[in-house]
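Counting from 1, the numbers follow the sequence of the chain as shown. Basis for what follows: all heavy atoms, side chains included, without hydrogens, waters or symmetry-related copies.
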Amino acid sequence: MIQPLQYISQAPKTGTHIDAIEQVLQAGGKWIQLRIKNLAEAEILPFAKAAQALCETYGAKLIINDYPHLAKAVNSYGVHLGLQDMPISEARKIIGKHQIIGGTANTFEHIRQRVTEGADYIGLGPFRFTRTKENLSPIVGLEGYQKLMEKVRKAGITTPIIAIGGIEAEDIPAILETGIHGIAISAALTNQTETALVLEQINSKFSIHSI
């Protein structure tokens, strides 16, 4: 199952990605994506091992951003690939069938591409400008999600689609109204002093939407 709420890791003001991940897991997070940029793959391996160990401890799922070989090495739940990363077909040969693959999309053509490639879920965005991502694709925005999800429904696409990119807690209800499967957040959960409370408030928005 693709969780409707996903946390994309970023380093907090003090500490590492692992510190941020542990804080979210302690608060009840169940889907973590380890996303470390500007480090070599070999340098990310210790972080991947630590993140996987934490996710196992807390009964959560770990996704490794960009690196199928790392995902295989630590036996994470899966890997997420950007549009400029390794093709999904090639990554599938590396990790096999028991791990999942998510793929980034920015347009409806990208969504169809990801479906054709066999992505298990699609990260669609960015919702708004975000400093956590370099070389940002064109902003999708709420109206963009509404139009894209309408096309998705008409095309009969059932692959879970996750909104991503600069999303804050107050954005979630309107985004969910578009029919999107879930939300990925990063800054909204990082550097919070009351992470458990913030996560509870975010989860409540999903509960209200499902009533």
Q: In sequence, state the C-alpha distance, the side-chain angles, and the governing distance for Phe127 and Ile183, and then conclude on side chain to side chain contact (heavy atoms under 4.5 Å, CB included).
A: CA-CA 10 Å; Phe127 174 67; Ile183 308 286; over 6 Å; no

Q: Test of understanding: clusters of I, L, V, M, F, W, Y form through side-chain heavy atoms closer than 4.5 Å, transitively. Do Ile94 and Leu62 belong to the same one?
A: no

Q: I'd like to know if Val115 and Ile180 are part of one continuous hydrophobic network [Ile/Leu/Val/Met/Phe/Trp/Tyr, side-chain heavy atoms within less than 4.5 Å].
A: yes

Q: Return the minimal non-hydrogen interatomic distance between Gly103 and Ala119, and the atom names on each side.
A: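 Heavy atoms of Gly103 and Ala119 come nearest at N-CB, 4.3 Å.
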
Q: Is there a chain of hydrophobic side chains (I, L, V, M, F, W, Y, each step under 4.5 Å between heavy atoms) that links Phe47 to Ile8?
A: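 No, Phe47 does not connect to Ile8 through the hydrophobic network.
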
Q: Is Arg92 paired with Asp120 through a side-chain N to carboxylate O contact shorter than 4.0 Å?
A: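 Salt bridge between Asp120 and Arg92, a charged N being under 4.0 Å from a carboxylate O: yes.
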
Q: Kindly indicate, with the supporting measurements, whether the criterion side chain to side chain contact (heavy atoms under 4.5 Å, CB included) is fulfilled by Arg128 and Glu168.
A: CA-CA 10 Å; Arg128 66 161 59 89; Glu168 299 292 342; 3.9 Å; yes

Q: Are Tyr7 and Leu25 close enough that some pair of their side-chain heavy atoms sits under 4.5 Å apart?
A: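 In short, these two side chains do not touch, never coming nearer than 4.5 Å.
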
Q: Can you name the nearest heavy-atom pair linking Val79 to Ile95, along with the distance?
A: CG1-CD1, 4.1 Å

Q: Working to the nearest 0.5 angstrom, can you tell me the gap between Lys61 NZ and Ser76 OG?
A: 12.0 Å

Q: Applying a strict under-4.5 Å side-chain criterion to I, L, V, M, F, W and Y, I'd like to know whether Ile167 and Val24 cluster together.
A: yes

Q: Quick one: are Arg114 and Ile111 in side-chain contact, heavy atoms under 4.5 Å?
A: no

Q: Under the criterion side-chain hydrogen bond (donor to acceptor under 3.5 Å, both in side chains), which of Lys147, Gln146, Arg153 is the partner of Glu150?
A: Arg153

Q: Can you find a pair of side-chain heavy atoms, one from Asp85 and one from Tyr67, that are under 4.5 Å apart?
A: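 They are not in side-chain contact.
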
Q: Can you find a pair of side-chain heavy atoms, one from Val74 and one from Leu45, that are under 4.5 Å apart?
A: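 The answer is yes, as the side chains (C-beta and beyond) meet within the 4.5 Å cut-off.
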
Q: Any chance you could measure Leu5, atom CG, to Ile185, atom CD1, to the nearest 0.5 Å?
A: 5.0 Å

Q: Any non-hydrogen side-chain atom of Ile157 less than 4.5 Å from a side-chain atom of Phe108?
A: yes

Q: Do the non-hydrogen side-chain atoms of Asp66 and Lys37 ever get within less than 4.5 Å of each other?
A: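 Answer yes - side chains close enough.
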
Q: Transitive ILVMFWY cluster of Ile2 at side-chain heavy atoms under 4.5 Å: who else is in it?
A: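 Answer for Ile2: Trp31, Ile63, Tyr77, Ile100, Tyr121, Ile162.
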
Q: State, with a plain yes or no, whether a side-chain heavy atom of Leu34 is found less than 4.5 Å away from one of Ile44.
A: yes

Q: May I ask you to decide whether Lys93 forms a salt bridge with Glu90, counting only side-chain N to carboxylate O separations under 4.0 Å?
A: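 Salt bridge between Lys93 and Glu90, a charged N being under 4.0 Å from a carboxylate O: no.
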
Q: Hey, are Gln52 and Glu56 close enough side-chain-wise for a donor-acceptor pair under 3.5 Å?
A: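 Gln52 and Glu56 do have a side-chain donor-acceptor pair below 3.5 Å.
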
Q: Is the backbone N or O of Arg35 less than 3.5 Å from a side-chain atom of Ser9, with the two atoms forming a donor-acceptor pair by type?
A: yes

Q: Quick check against the 3.5 Å criterion: does Gln99 have a side-chain atom that pairs as donor or acceptor with the backbone of Ala71?
A: yes

Q: Group every Ile, Leu, Val, Met, Phe, Trp and Tyr by side-chain heavy-atom contacts under 4.5 Å, then state whether Leu176 and Leu124 land in the same group.
A: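 Yes; tracing contacts between hydrophobic side chains, which count when under 4.5 Å, links both residues.
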
Q: Is a side-chain donor or acceptor of Asn191 paired with a backbone partner of Lys13 at a separation under 3.5 angstrom?
A: yes

Q: Taking all non-hydrogen atoms of both residues, which atom of Ile21 and which atom of Ala51 are closest, and how far apart?
A: CD1-CB, 4.1 Å

Q: Please name the pair of heavy atoms, one in Pro4 and one in His181, separated by the smallest distance, quoted to 0.1 Å.
A: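 Closest approach of Pro4 to His181, heavy atoms only: CB-O, 3.6 Å.
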
Q: Using 0.5 Å steps for rounding, measure from the CE atom of Met86 to the CD1 atom of Ile101.
A: 9.5 Å

Q: Just wondering, are more than 12 heavy atoms of other shown residues or ligands nearer than 6.0 Å to CD in Gln84?
A: no

Q: Do Ile161 and Met149 make a side-chain contact, defined as non-hydrogen atoms from C-beta onward lying under 4.5 Å apart?
A: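 Result yes, sub-4.5 Å side-chain heavy-atom pair found.
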
Q: Considering non-hydrogen atoms only, spot the tightest contact between Glu170 and Pro173 and give its length.
A: O-CD, 3.7 Å

Q: Mind checking the CD1-CD1 spacing from Ile36 to Ile64? Nearest 0.5 Å is all I need.
A: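 Going from the CD1 atom of Ile36 to the CD1 atom of Ile64 covers 8.5 Å.
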
Q: Taking all atoms of both residues into account, what is the closest heavy-atom pair of Ala105 and Ile122, and its distance?
A: CB-CG2, 3.6 Å

Q: If I take atom CD from residue Gln3 and atom NZ from residue Lys30, how far apart are they, to the nearest 0.5 angstrom?
A: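 Rounded to the nearest 0.5 Å, the CD-NZ separation comes out at 8.5 Å.
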
Q: When rounded to the nearest 0.5 angstrom, what is the spacing between OG1 in Thr159 and CD in Glu117?
A: 11.0 Å

